[in-house]
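Notes for the one structure printed next.
As the structure lists them, so they are numbered: ligands from 1, and atoms in each ligand from 1. One-based numbering along the sequence shown.
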Amino acid sequence: MTLEEMESLMESIGQPKYRAAQLFNWIYKRAILSFDEMTNFAKSLRQQLDNMADIGYISIEKQVTSTDEQTTKFLFKLKDGLCVESVFMIDGKRRTVCLSSQVGCALRCSFCATGKMGFQRNLSAGEIVDQLLAIQRALNVEATNIVIMGMGEPFLNYDEVIKACDIISHDKGIAIGKRKITISTSGLVPAIKRFADDGQRYQLAISLNAADDEIRNKLMPINKKYPLNELINAARYYAAKSRHRITFEYVMIGGINDRIEDALKLAKLIKGWKCKINIIPYNAIDEKQDPPSEETMSAFIRPFLKLNVVISVRRSKGVDINAACGQLYYKHKENNFILEVDK
Ligand code: SF4
């Protein structure tokens with residue numbers, strides 16, 4: 001529930017508006033698990049709320065921390081028995097949580113373990129926020145940054161994802177600034193335009209991964225529906241409207257999109273544009289595709305050094321714990337763990 005929804009709830013039982021702000025604080029800031037913990041509410045009100053509403057929470061099915069202790073991956077079980085993954089990452093002062101937006105994904109990108117699961121269902125805003133609350137509770141930490149980059153395509157679940165981000169950024173609750181929340185899309189053109197038209201202040205990242213249609217079609221079937229020129233036009237439209245620096249994610253796969261000619265095409269595509277490129281070395285999920293070598297990565301980034309772009313190589317965090325999107329679920333399933341227990 002948003003604060004406005006809690007205000008309606010409180011109003012419906014004759015309670016003043018400030019009670020909703022208190023409730024919002026208890027649920028999201030203090031992350032309580034039962035109405036009984038709300039000590040500044042009369043017992044009768046707590047009981048009334050308990051009869052009307054439910055503080056849902058997801059349970060931790062599996063939790064694995066990398067050997068360098070910088071990354072912890074969670075496999076959560078939802079109320080219907082399905083599972084999703086989230087990751088907590090430490091990088092200097094940053095405490096980033098990567099959240100899932102769907103169970104599985106329909107878009108079947110070739111480099112992604114989640115894509116191999118197919119689509120099962122959208123997550124509710126509550127289930128998205130709950131991943132964050134559960135991680136903060138389990139590790140006794142406060143996240144500083146959020147990326148909606150876990151399982152699923154967030155823009156295929158637009159309303160619930162935006163609602164979750166609105167709850168996470170609200171200053172009476174978790175209060176993570178809108179500029180610290182990034183939504184990553186595989187390139188759904190109409191949704192990018194909607195995001196721009198809605199004036200959303202969250203950061204946008206686009207998973208680009210290739211600078212020509214031929215390669216992008218192979219890596220990301222969604223490109224057949226929204227080819228590169230349409231995607232780039234939508235990204236420019238968003239950048240002009242929002243005045244935000246857009247981020248392009250580039251999962252680099254050995255021998256596929258890591259050649260110098262790919263770098264030159266990419267440099268041409270973004271020339272004159274204030275943007276950021278994140279190179280992500282492929283985290284192997286099978287033997288069909290390989291990570292790039294260190295030398296290839298260094299050669300690839302050279303053409304960008306003269307341009308007005310920020311380019312970074314995101315070292316794959318948590319390789320030893322299968323931390324890339326969908327990998328833990330995938331491995332878990334391969335090992336015949338029963339994930340969908342309550343079906
Ligand atoms: S990379 Fe994202 S959009 Fe592509 S299959 Fe994986 S979860 Fe879906």
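Atom 6 (Fe) of ligand 1 has an N, O or S atom of Cys112 under 2.8 Å away, backbone or side chain. At a threshold of 2.8 Å, atom 8 (Fe) of ligand 1 has no backbone or side-chain N, O or S atom of Cys109 nearer than that distance.
By the criterion of a heavy-atom distance under 4.0 Å, neither the backbone nor the side chain of Met220 is placed next to ligand 1.
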Met52 vs Ser12, side-chain contact (heavy atoms from CB on, under 4.5 Å): CA-CA, chis, key distance, verdict: CA-CA 11 Å; Met52 299 171 77; Ser12 73; 4.1 Å; yes
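Between Arg194 and Asp159, at least one side-chain nitrogen of the basic residue sits less than 4.0 Å from a carboxylate oxygen of the acidic one, meeting the salt-bridge criterion. Between Glu11 and Lys17 no salt bridge is recorded (no basic side-chain N to carboxylate O distance below 4.0 Å).
Distance alone, capped at 3.5 Å, places no donor-acceptor pair between the Glu160 side chain and the Asn157 backbone.
Within ligand 1, the atoms closer than 4.0 Å to a non-hydrogen atom of Arg108 are 5 (S), numbered from 1 in the order shown. Those atoms of ligand 1 that come under 4.0 Å of a heavy atom in Gly115, given as number and element, are 5 (S). Within ligand 1, counting atoms from 1 as listed, the ones closer than 4.0 Å to a heavy atom of Cys105 are 3 (S), 5 (S), 7 (S), 8 (Fe).
Expressed to the nearest 0.5 Å, how far CD of Glu61 lies from SG of Cys83 amounts to 5.0 Å.
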